[in-house]
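Below: the structure, in structure tokens.
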Amino acid sequence: MRIGNGFDIHTLKKGRKLILGGIEIPSEKGLIGHSDADVVMHSVIDAILGAMALGDIGEHFPDTDKNIEGISSTKMLKNVMKLFTGKIINLDVTVVCEYPKLSPYKKEMANNLASVLQIAPHQISIKAKTMEKIGEIGKGNAIMAFSTVLIQEGK
């Protein structure tokens, strides 16, 4: 058994789509990044890479690579899963944002992640927290996510 942890944060900007957990969430602001800036997917990618001791997202998808500019983070996770040789036991994700409220979307995010990871949705926990109006996230200027994955090595 191995554990991996992942973290990501991106700022918000008006006029961008908000993609979290591979789904579009209605919002007047979206995350800024080299890809679609999906902090949930990015933290999951880092957690899985960490559990396999294969570096981090920046090593596999550098923000200096013009060929992947605007890439879907779901596609990035699918590429990482091609390297994965184990079995995911469970995935725990915490998303921290002031808005939008994510409760209506957590199940859809878990279902999407389960599909990409080829596991059952009940193996995924997604929690949404706020910063109680503290800091940049609390002001609605950014969103961050933390992920922890437990894997069993081998197939």
Side-chain angles (χ1 to χ4, degrees), residues 2-65 68-81 84 88-117 119 121 123-151:
R2 294 178 65 107
I3 295 174
N5 290 303
F7 163 81
D8 198 37
I9 186 169
H10 285 274
T11 56
L12 288 158
K13 179 181 178 182
K14 284 188 177 188
R16 296 249 323 169
K17 289 182 182 180
L18 179 59
I19 310 293
L20 291 173
I23 66 165
E24 186 173 342
I25 296 175
S27 176
E28 61 187 42
K29 293 180 180 179
L31 295 165
I32 302 170
H34 186 69
S35 65
D36 62 12
D38 183 338
V39 294
V40 171
M41 288 289 189
H42 292 187
S43 69
V44 171
I45 289 167
D46 264 347
I48 292 170
L49 289 171
M52 295 187 302
L54 291 177
D56 63 40
I57 193 171
E59 293 172 52
H60 293 265
F61 306 98
D63 63 7
T64 55
D65 186 346
I68 60 170
E69 191 167 1
I71 189 173
S72 158
S73 297
T74 299
K75 184 174 182 178
M76 294 165 66
L77 180 56
K78 286 177 180 178
N79 287 341
V80 166
M81 291 307 292
F84 186 64
I88 294 176
I89 305 301
N90 74 302
L91 171 66
D92 186 52
V93 179
T94 303
V95 186
V96 186
C97 66
E98 210 61 33
Y99 72 88
K101 295 298 181 194
L102 299 180
S103 292
Y105 309 103
K106 293 190 308 184
K107 185 175 182 178
E108 188 178 355
M109 284 190 276
N111 287 337
N112 186 61
L113 281 164
S115 174
V116 175
L117 299 173
I119 60 175
Q123 292 174 269
I124 299 172
S125 171
I126 297 182
K127 301 175 298 300
K129 302 292 181 186
T130 70
M131 289 290 291
E132 302 294 333
K133 311 265 188 257
I134 299 168
E136 290 303 308
I137 293 171
K139 293 175 187 172
N141 295 327
I143 296 177
M144 72 177 160
F146 300 89
S147 293
T148 301
V149 66
L150 176 64
I151 68 167

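One is the number of the first residue; the rest follow in order along the sequence. When reading the values below, keep in mind they use all heavy atoms of this one structure, side chains included, and skip hydrogens, waters and symmetry mates.
Of the inter-residue distances, the one linking Ser72 atom OG with Ile19 atom CD1 reads 8.0 Å to the nearest 0.5 angstrom. Atom CG in Leu117 sits 5.0 Å away from atom CG in Leu77 (nearest 0.5 Å). Rounding to the nearest 0.5 Å gives a distance of 12.0 Å between CG of Leu102 and NZ of Lys129. Atom NZ of Lys14 sits about 6.5 Å away from atom NZ of Lys29, to the nearest 0.5 Å. Rounded to the nearest 0.5 angstrom, Ile25 CD1 and Glu108 CD are separated by 8.0 Å. Taking NE2 of His34 as the start and OG of Ser73 as the end, the distance is 11.0 Å to the nearest 0.5 Å.
For Lys139, the salt bridge (Lys or Arg N to Asp or Glu O under 4.0 Å) criterion is met by Glu136, not counting sequence neighbours. Taking the salt bridge (Lys or Arg N to Asp or Glu O under 4.0 Å) definition, one finds that Asp65 meets it with nothing, sequence neighbours left out.
Classification of Asp36 and Arg16 as a salt-bridged pair fails, no side-chain N sitting under 4.0 Å from a carboxylate O.
For the residue pair Ser35/His42, the side-chain donor-acceptor check at 3.5 Å is satisfied.
Taking each heavy atom of Ile126 and Ala110 in turn, the nearest pair found is CD1-N, 3.5 Å. Between Arg2 and Gly50, the closest heavy-atom pair is NH2-O, 4.4 Å. When all heavy atoms of Leu18 and Ser27 are compared, the pair lying nearest together is CD2-CB, 3.8 Å. Asn112 and Gly21 make their closest contact through ND2-O, 2.8 Å (heavy atoms, listed as atom of the first residue, atom of the second, distance). Between Leu113 and Leu91, the closest heavy-atom pair is CD1-CD2, 4.3 Å. Heavy-atom minimum distance, Ser147 versus Ala47: O-CB, 3.8 Å.
The aromatic rings of Phe7 and Phe146 sit tilted, their planes meeting at an angle between 30° and 60°.
Counting heavy atoms from C-beta outward, Ile119 and Ile124 have side chains that approach closer than 4.5 Å. Counting only heavy atoms from C-beta outward, the side chains of Val96 and Ile143 never approach each other to under 4.5 Å. For the pair Val93/Val44, a side-chain contact is recorded, criterion being any heavy-atom separation below 4.5 Å from C-beta on. In this structure, the side chains of Ile48 and Phe84 come closer than 4.5 Å at one or more pairs of heavy atoms. Between Val149 and Ile3 the shortest side-chain heavy-atom distance does not fall below 4.5 Å.
Remark: the backbone N or O of Ile88 is paired with a side-chain donor or acceptor of Gln123 at under 3.5 angstrom. Here the side chain of Ser43 pairs a donor or acceptor atom with the backbone of Val39 at under 3.5 angstrom. Under the 3.5 Å distance criterion, the side-chain polar atoms of Asp38 are matched with a main-chain donor or acceptor of Gly22. A donor-acceptor pair under 3.5 Å links the side-chain atoms of His60 to the main chain of Leu54, judged by distance alone. Counting only distance, with no hydrogens or angles, the side chain of His10 and the backbone of Ile32 share a donor-acceptor pair below 3.5 Å. The main-chain N or O of Met131 is found under 3.5 Å from a side-chain atom of Glu98 such that the two form a donor-acceptor pair.
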Run the side-chain contact (heavy atoms from CB on, under 4.5 Å) check on Ile151 and Ile89 step by step: do they pass?
CA-CA 5 Å; Ile151 68 167; Ile89 305 301; 5.7 Å; no

Please lay out, stage by stage, how Leu12 and Asn141 fare under the test side-chain contact (heavy atoms from CB on, under 4.5 Å).
CA-CA 5 Å; Leu12 288 158; Asn141 295 327; 5.8 Å; no

Which is it for Leu20 and Tyr105 under the side-chain contact (heavy atoms from CB on, under 4.5 Å) test, yes or no, and what are the steps along the way?
CA-CA 9 Å; Leu20 291 173; Tyr105 309 103; over 6 Å; no

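Evaluated for a side chain to side chain contact (heavy atoms under 4.5 Å, CB included) with Asp46, the options Asp8, Asn5, Ile57 yield exactly one hit, Ile57.
The local environment of NZ in Lys106 is crowded, with over 12 non-hydrogen atoms from other residues, nucleotides or ligands closer than 6.0 Å. Within a 6.0 Å sphere centred on NZ of Lys127, other residues, nucleotides and ligands contribute more than 12 heavy atoms.
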